[in-house]
Every structure is written in structure tokens, then in C-alpha cells.
Amino acid sequence: MRKVLPFCLMFFVSTFLFAQNMLSNPGFENWTINGVSGPPDNWELSGDQITAQQESSTIHSESYSANITWTTTSTRHLEQVVSVSPNLEYTFSAWFF
């Protein structure tokens, strides 16, 4: 029994750590400048001709979403750099309207 308990505890802690969302501000809840065009905290917009505004009427969960508008046919990104490790499996999900 003594050997099983530490193993179970180690498994629970490691599973909990890897199951966490790796993004900062994944639900777009934090905006330094509320209501003003600009990316949500911890996110970046690539280039010009793209804006992001805090949205509270069309949301999936929580209180806010990001309303992204671009006025070019060129590729633009709303992005966040996330550190990943080789040989691990990651899951990405997103909601678009």
C-alpha cells in the first residue's frame, strides 16, 4: 500500500499539470483597455489592417469573446506563442462564429 499511494499521487499530479490550458487568457476575459480596438491581454495581432475588440453579446462561455476584423486579403493572425515539448500530444480547440 505504501508504494501504491506515492505512485497514484504522482500520476494525479502529472495528469493535472498536462491537462491544464497552456494559453494565457484563453477566454479573452482580460483586456487592458476595455472597449478599445486592440488585442486581448497576452495575444498579438500580426501586421496592420486587423483589429480586435472585446465582445460581450456573442460569446461561447465566460463573459467575453474577441471580435476580429481585417480589411485586407493578406493573411493576418491573432496569435500567442506557447512552449511545447517534443513527443507529447496536444489538443487544440476553438470556437468561431
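Predicted model, so just to flag it, every value in this text is computed and none were measured.
In the hydrophobic cluster analysis, where Ile, Leu, Val, Met, Phe, Trp and Tyr join through side-chain heavy atoms closer than 4.5 angstrom, Val84 is grouped together with Trp43.
Under the salt bridge (Lys or Arg N to Asp or Glu O under 4.0 Å) criterion, no residue pair touches residues 50-65, with sequence neighbours excluded. Residue pairs meeting the salt bridge (Lys or Arg N to Asp or Glu O under 4.0 Å) criterion with at least one member in residues 84-96, sequence neighbours excluded, do not occur. Residues in residues 65-86 take part in these salt bridge (Lys or Arg N to Asp or Glu O under 4.0 Å) pairs, two or more places apart or across chains: Asp48-Arg76.
Of all non-hydrogen atoms in Tyr90 and Ser85, the two that sit nearest each other are OH-N, 2.8 Å. For the pair Ala52 and Pro39, the tightest heavy-atom approach, listed with the atom from each and the gap, is CB-CA, 4.0 Å.
One distance of note links CG of Leu78 with CG of Leu45; it measures 5.5 Å at 0.5 Å rounding. Here CG of Leu23 is found 5.0 Å from CD of Gln80. Values are rounded to the nearest 0.5 Å. How far CD1 of Ile50 is from OG1 of Thr72: 10.0 Å, rounded to the nearest 0.5 Å. From Thr73, atom OG1 reaches atom CD of Gln49 across 8.5 Å, with rounding to the nearest 0.5 Å.
Residues satisfying the side-chain contact (heavy atoms from CB on, under 4.5 Å) test with Ser56, not counting sequence neighbours, are Tyr64. Among residues two or more places apart in sequence or in another chain, the ring pair (Phe, Tyr, Trp, His ring centres under 6.0 Å) test is passed with Trp70 by none. By the side-chain hydrogen bond (donor to acceptor under 3.5 Å, both in side chains) test, Asn67 pairs with no residue at all, sequence neighbours left out.
Ring geometry, Trp95 versus His60: the interplanar angle falls under 30°, so the pair is classed parallel (tilted spans 30 to 60°).
Looking at Ser65, its side chain never comes within 3.5 Å of a backbone N or O of Ile59 through a donor-acceptor pair. No donor-acceptor distance shorter than 3.5 angstrom exists from the side chain of Asn30 to the backbone of Asn25, with no hydrogens or angles considered.
No more than 12 heavy atoms of other residues, nucleotides or ligands lie within 6.0 Å of CD in Glu44, so this atom counts as exposed by the packing criterion.
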* Show your reasoning for whether side-chain contact (heavy atoms from CB on, under 4.5 Å) applies to Ser63 and Phe28. => CA-CA 9 Å; Ser63 301; Phe28 307 122; over 6 Å; no
